[in-house]
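Data block below; observations after.
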Amino acid sequence: MNAVEQIQQKVKSAIHEAILLAKLTEEENIPAIMLETPRNKENGDYATNIAMQLTKIAKKPPRAIAEAIVEHIDKESGSIESIDIAGPGFINITLKKDYLQEVVKTVLDQGAEYGRSNAGNGEKIQVEFVSANPTGDLHLGHARGASVGDSLSNVLDFAGYDVHREYYINDAGSQIDNLALSVEARYFQALGENKEIPEDGYHGQDIIDIAGKLVEEFGDKYKNMPEKERYEFFRDYGLKYELEKLKTDLENFRVPFDNWFSESTLYGSGKIENAMNKLRENGHIFEEDGATWFRSTTFGDDKDRVLIKKDGSFTYITPDIAYHEDKIQRGFDKLINIWGADHHGYIPRMMAAIEALGYEKDKLEVIVAQMVHLYKDGERMMMSKRTGKAVTLRELVEDVGLDAVRYFFVMRSGDTQMDFDLDLAVSESNENPVYYAQYAHARISSILRQSKELDLHPSAENAALLTAEREIDLLKKIGDFPQVVADAARMRAPHRVATYIQELAATFHSFYNAEKVLDPENRELSEARLALITATRTTIANALKLIGVSAPEKM
RNA sequence: GUCUCAGUAGCUCAGCUGGAUAGAGCAACAGCCUUCUAAGCUGUGGGUCGGGGGUUCGAAUCCCUCCUGGGACGCCA
């Protein structure tokens, strides 16, 4: 428990005791006491609405209840400086500031670990994200999914969950067939022959590159090979190439995975059949029109779903059901899937499958990474995987810069559509929010470099000197960080970290302009402030790391 | 048509388990560099929280309904 949590606990206990002392109600009737930070600083450090909540139980008007609580509260045990009543019955509490000064020491002690908590109690969570088909480049939507998924995983880990990151490779099914045929067509084209790309084939530059490599390496060796052999070779070669490219691109995007799970390994392992058998035993399978169906409507889906097509092959969902069962059997408490907007309608049937297999529906949580619209020169840029004119992740990073891309994608809640303004992201100006936080970090780094020349060193010993308004604001903001991370994890909302970073940077910049840190005439205050800005820098760096953005020493 | 997500300042968006006068950035306007990085700070203006009902001491937040927009509705993946 950190300094802030401790003080909140103290305050809550003091209020709790006061309620009992004032004989407002019995122990078991006291609701959970909520402390909130008032918008307006003049309303104290914390406020509680407990008096309003007690009106029905105590059968008294809220202000009378508030007065009774205030009268009976033990200020000493709650570290309370002052307490008063406002509005309809809010109790506003101003605290003694010594606990805040402790924050500096905590941060300096914990360093890169500051902000980590055990809020998640080691709950085992698997996050599956990106999972783009290995048939082309990652585009804008995948970039968003990758940013959100990686940041969420980092946040969960920091908040004390046991996180496992996984990429599901769709390396079986008809899209792989199309990949093989597309490579084949490009291969023949590279040899100067006229061969059309299949209707559902892939037109991206990457396929042309693969064909080029094949010709370079093997010449026309595969031109006259038996069709089946050639097909398999092109399929495997294409897959390997695409997969390597995905891995490299994601690595460069600072998105690591613990596991790359191959769909094709489900075939032949019996897992698909096992899952199907289980559904059948539970009575959720039927045959109709020569196909095998899953009666998903039993669990609230719109329609029943085909599992085995008339031609004997599986639909997309069949191995996916087996995959999800496999994940559950690997012992995860929770599965979080991050899916693209186009898979939105897929959620009810997957949930239905989880239930039909006999698991709790809420084992699975799906986060939809909504559509991204790219704007340049004020105009919307269209994208399409099929035409090959899509804006790829790689191009985006080259144009905009890694930090800006990561930051832009995670600063908005992932489940709402967003506009990505390329001009804004590229601009190295004050219009660009990504530099704001990095600039704060660089500014602090600069001061710390200069402090050494003056032989001044950060010291939390004199933290009690940090009493100026901007210093208190900064201390409070730094103290909030562990709770911000825990909330972001609980709500699966990594964008909260980005919002926090902006607030923290703003609080620092404001402090910077109001107070001078380095003053050789006042070494004690200087060293206390150096400790304060060191703690600030650590907090900014830790927060930026969670969202995959670098923290530069100089800008 | 059904399902689903959204609608908050000129623009892009925050807003927790319902709380006090609804916030931030950008844009606009007015100031601040002989002082640790002006990619910064300070201040001003800007709102029927899509409309209408309801729940309650209290609603941007919860419920109903309507309007508008996106997305999904395949024996594709």
Side-chain angles (χ1 to χ4, degrees), chain A residues 32 34 36 38-40 43 47-49 52-53 55-56 61-62 86-90 92 133 135 170 172-176 178 200 288-293 300-303 305-317 320 340-348 368 370-371 373 375 411-413 415-421 424 427-440 442-451 454 456 483-484 487-488 490-491 493 495-496 498-499 502-503 505-506 508-519 526 529-530 533 554-555:
Chain A
M34 301 293 182
E36 57 183 65
R39 272 184 210 292
N40 193 336
N43 290 330
T48 178
N49 62 351
M52 277 95 100
Q53 292 190 339
T55 46
K56 280 188 182 142
F90 288 100
N92 291 337
N133 287 344
T135 54
N170 292 115
S174 60
Q175 78 280 7
I176 296 306
N178 286 320
D200 292 324
E288 198 172 286
D289 298 333
T292 303
W293 296 68
D301 194 10
D302 293 355
K303 298 171 186 167
R305 306 295 170 179
V306 170
L307 294 181
I308 301 175
K309 298 183 238 175
K310 215 181 287 182
D311 68 4
S313 63
F314 296 130
T315 59
Y316 176 75
I317 196 173
D320 210 14
D342 51 339
H343 282 59
H344 195 144
Y346 194 75
I347 298 171
V368 175
Q370 285 288 358
M371 303 245 305
H373 295 150
Y375 284 79
M411 74 178 174
R412 301 294 178 223
S413 170
D415 56 14
T416 57
Q417 297 165 47
M418 72 174 282
D419 294 336
F420 193 113
D421 185 339
L424 177 61
S427 74
E428 294 194 6
S429 74
N430 60 339
E431 294 171 35
N432 191 336
V434 73
Y435 295 114
Y436 189 74
Q438 292 187 317
Y439 184 52
R443 254 185 167 174
I444 295 171
S445 302
S446 171
I447 299 172
L448 291 174
R449 281 193 295 272
Q450 290 169 63
S451 70
L454 295 168
L456 289 166
Q483 191 62 50
V484 168
D487 287 345
R490 180 173 52 84
M491 300 179 71
H495 74 277
R496 280 169 175 271
T499 305
Q502 288 297 304
E503 291 169 0
F508 167 73
H509 285 309
S510 186
F511 159 79
Y512 175 90
N513 277 272
E515 313 288 350
K516 193 154 159 64
V517 175
L518 300 176
D519 178 7
S526 293
R529 285 182 172 163
L530 281 170
I533 65 168
K554 283 183 185 173
M555 283 175 77

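Note that this is a predicted model, so its numbers are computed, not measured. In the text below, chain A, chain B and the rest are named by the order of the sequence lines, each starting its count at 1.
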With sequence neighbours excluded, what pairs up with A:Q450 under the side chain to side chain donor-acceptor pair (under 3.5 Å) test?
A:S446
Within the sub-3.5 Å range, which N or O atoms of nucleotides 14-19 of chain B have a protein N or O partner, and how far apart are they?
{"from": "B:A14", "atom 1": "OP1", "to": "A:S413", "atom 2": "N", "distance (Å)": "3.2"}
{"from": "B:G15", "atom 1": "OP1", "to": "A:H495", "atom 2": "NE2", "distance (Å)": "3.2"}
{"from": "B:C16", "atom 1": "O4'", "to": "A:R496", "atom 2": "NH2", "distance (Å)": "3.1"}
{"from": "B:G19", "atom 1": "N7", "to": "A:N49", "atom 2": "ND2", "distance (Å)": "2.6"}

Any stem touching RNA chain B, meaning at least three consecutive Watson-Crick or G-U pairs under 3.5 Å, ordered by first number, would be B:1-7 with B:67-73, B:10-13 with B:23-26, B:28-32 with B:40-44, B:50-54 with B:62-66
Holding to ring pair (Phe, Tyr, Trp, His ring centres under 6.0 Å), I want the full list of residues that pass it with A:Y436, two or more places apart in sequence or in another chain.
A:H509
The criterion is side-chain contact (heavy atoms from CB on, under 4.5 Å); which residues satisfy it with A:A291, sequence neighbours excluded?
A:W293, A:V306
Under 3.5 Å, which N/O atoms of the protein pair with N/O atoms of nucleotides 67-71 of chain B?
{"from": "B:G70", "atom 1": "O2'", "to": "A:Q417", "atom 2": "OE1", "distance (Å)": "3.0"}
{"from": "B:G70", "atom 1": "O2'", "to": "A:Q417", "atom 2": "NE2", "distance (Å)": "3.2"}
{"from": "B:G71", "atom 1": "O2'", "to": "A:A341", "atom 2": "O", "distance (Å)": "3.4"}

Contacts of A:N43 meeting side chain to side chain donor-acceptor pair (under 3.5 Å) (sequence neighbours excluded), chain-then-number -> none
Check nucleotides 41-47 of chain B for protein N or O atoms closer than 3.5 Å to its own N or O atoms and list the pairs.
{"from": "B:C41", "atom 1": "OP1", "to": "A:Y436", "atom 2": "OH", "distance (Å)": "2.4"}
{"from": "B:C41", "atom 1": "O4'", "to": "A:N513", "atom 2": "ND2", "distance (Å)": "2.9"}
{"from": "B:U42", "atom 1": "OP1", "to": "A:S510", "atom 2": "OG", "distance (Å)": "2.9"}

Residues forming a side chain to side chain donor-acceptor pair (under 3.5 Å) with A:S451, sequence neighbours excluded
none
Across the strands shown, which category fits A:A440 at heavy-atom distances under 4.0 angstrom: base, sugar-phosphate, nothing?
nothing
With sequence neighbours excluded, residues passing side-chain contact (heavy atoms from CB on, under 4.5 Å) with A:Y512
A:R443, A:I447, A:F508
Could I get the full list of salt bridge (charged side-chain N to carboxylate O under 4.0 Å, His left out) partners for A:E503, not counting sequence neighbours?
A:K477
State which residues pass salt bridge (charged side-chain N to carboxylate O under 4.0 Å, His left out) with A:R305; sequence neighbours excluded, sorted by chain then number.
A:D301
